[in-house]
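Following: one structure in structure tokens, then a few remarks.
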4 protein chains.
Amino acid sequence: MNPLLQAAPSWSVSQWLNASSPITLDSLRGKVTVLHAFQMLCPACVSHGIPQAKAIYQAFPQDKVAVIGLHTVFEHHAAMTPVALEAFAHEYRLGFPIGIDQAGPDGLIPLTMRAYSMEGTPTLILIDKAGYIRLHHFGKLDDIRVGAVIGQLLTEPAES
Amino acid sequence: MNPLLQAAPSWSVSQWLNASSPITLDSLRGKVTVLHAFQMLCPACVSHGIPQAKAIYQAFPQDKVAVIGLHTVFEHHAAMTPVALEAFAHEYRLGFPIGIDQAGPDGLIPLTMRAYSMEGTPTLILIDKAGYIRLHHFGKLDDIRVGAVIGQLLTEPAES
Amino acid sequence: MNPLLQAAPSWSVSQWLNASSPITLDSLRGKVTVLHAFQMLCPACVSHGIPQAKAIYQAFPQDKVAVIGLHTVFEHHAAMTPVALEAFAHEYRLGFPIGIDQAGPDGLIPLTMRAYSMEGTPTLILIDKAGYIRLHHFGKLDDIRVGAVIGQLLTEPAES
Amino acid sequence: MNPLLQAAPSWSVSQWLNASSPITLDSLRGKVTVLHAFQMLCPACVSHGIPQAKAIYQAFPQDKVAVIGLHTVFEHHAAMTPVALEAFAHEYRLGFPIGIDQAGPDGLIPLTMRAYSMEGTPTLILIDKAGYIRLHHFGKLDDIRVGAVIGQLLTEPAES
């Protein structure tokens with residue numbers, strides 16, 4: 001195992017949408033995990049990040065690639081409430097599970113966003129089958145490059 | 001005057017954004033008025049209607065063409081609150097005045113939406129200098145056609 | 001009549017596509033004329049100018065607005081031949097008449113392009129019902145603005 | 001080796017652009033090869049296939065992934081000549097090598113297009129490091145899926 005790789009921190013989620021029960025990172029071991037961090041009122045998320053997450057969700061079988069949305073609200077907290085996110089997910093036809101990142105003690109940066117040292121939204125994080133972070137990108141990244149990393153990670157053995 | 005034209009009903013607005021005081025339809029007499037009815041969580045509004053309203057706002061001087069946004073919430077009322085709309089307008093850089101359509105007695109269809117018999121969002125309504133409705137369109141309408149009607153209305157005399 | 005307006009020069013066309021006989025500027029008197037100058041291998045023409053010309057052609061009745069393509073080849077002459085243009089017009093589903101601008105004595109800038117002092121492609125020229133140039137734009141111009149000028153010109157009387 | 005895989009046929013090219021000498025399929029052994037078959041006057045090639053090929057060319061180092069354009073003219077032969085292709089490649093800023101598919105005895109379907117049983121343009125073919133065809137797609141294929149196959153092929157050993 002590459003000692004330089006960082007194990008993906010477990011996430012802290014206060015509520016799940018599109019999931020019958022909470023999803024843990026451990027339960028995704030053996031799959032490639034695409035963690036898409038967004039805010040529903042972030043224009044670049046709506047125009048770029050979310051369409052990319054939807055394209056990934058449609059391109060791969062769910063037993064191979066798990067797409068997980070993470071609503072990391074760090075601004076406009078009064079606007080981007082759970083009930084607003086539910087309406088957003090309904091209107092934008094988001095089918096993948098979405099976790100609401102747990103508010104932090106300061107009320108600003110939520111816990112998972114902090115644990116992953118995310119700089120803003122959208123942020124794309126690819127986690128390999130063994131639970132290590134293999135890509136961490138803030139902003140836009142073109143689909144060809146994202147697809148290539150997913151394709152590479154899919155070829156790796158499930159057991160590291 | 002064309003007896004078949006419908007006078008634009010006055011609007012009922014509970015709160016204004018991007019305006020120092022309430023804007024009445026009467027105060028816009030002499031200008032061409034572009035009334036853009038939208039909901040902040042309506043995908044076609046975000047991808048088509050709002051960019052069109054912004055393009056109109058940038059293309060014409062404000063003393064000739066008044067662009068007025070109207071937030072006609074008829075679904076997901078708990079999500080599309082005034083504070084959420086403020087965050088939305090900030091993030092999407094909406095500079096034109098936006099009125100929040102007054103909730104109706106049934107709590108579903110707001111008053112202005114009902115008065116104009118709007119069928120959904122986005123709806124574009126063009127009102128001439130004399131206060132008559134000259135275009136009423138639900139859904140997408142291409143910029144060439146919208147521009148042509150505005151150009152035509154601009155040539156009409158201010159006094160009818 | 002505004003003495004500052006420039007009468008549109010007549011065009012010099014060596015061959016017409018999508019026209020049963022040559023089209024003269026005089027024959028369009030009474031209509032608003034949209035002259036869309038392009039080169040088939042100009043990327044901005046393909047991505048912007050031609051879609052705009054097609055949108056105009058679809059938006060207005062042909063007895064009100066005449067859309068005329070003008071193939072103003074000023075570079076890559078050996079590539080953009082009449083037979084190549086015919087294939088291009090077929091593949092891109094161009095239904096409006098297209099004139100091939102007459103090659104000039106120097107073999108570089110064709111005659112109509114020179115007469116109109118066009119700087120490159122795409123160039124959009126709007127000619128009013130009386131035959132005067134009312135808009136002359138090199139490069140991209142958004143559909144709202146183009147539509148507004150057409151709408152304005154349509155309101156003018158046919159006889160100046 | 002998978003006995004069901006088809007070895008990529010060698011290509012028949014009458015002329016190369018953006019290459020100092022002819023490029024053989026054998027010389028690309030050890031790289032992932034992206035063969036992008038197009039026609040310069042095919043609208044779907046211009047709007048989808050060529051931007052995809054350019055994105056691939058920019059995303060990967062050239063010693064890992066070879067992008068090869070193939071101009072497979074099967075219609076409008078008089079229009080899509082070598083000199084026209086040169087102008088097209090210049091205007092569209094195509095930096096990768098482009099081979100002109102060798103005309104066939106019937107003058108219609110060129111030789112490489114026939115050898116690969118291509119159905120039209122654009123066609124995307126991915127060839128692995130050992131020279132086997134791993135993806136053969138006529139029409140549009142989204143970048144996420146194309147990237148994933150390239151990413152997978154990159155992980156395979158150079159020697160099969």
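A, B, ... follow the sequence lines: proteins, then strands. Residue 1 opens every chain.
Using a 4.5 Å cut-off between heavy atoms, C:Leu154 makes no contact with chain B at all. Of the two parts of B:Ile150, neither the backbone nor the side chain holds a non-hydrogen atom closer than 4.5 Å to a non-hydrogen atom of chain C.
B:Asp143 contributes atom CG, which lies 11.5 Å from atom CZ of C:Arg145 (distance to the nearest 0.5 angstrom). How far OG1 of C:Thr155 is from CD of B:Glu156: 8.5 Å, rounded to the nearest 0.5 Å.
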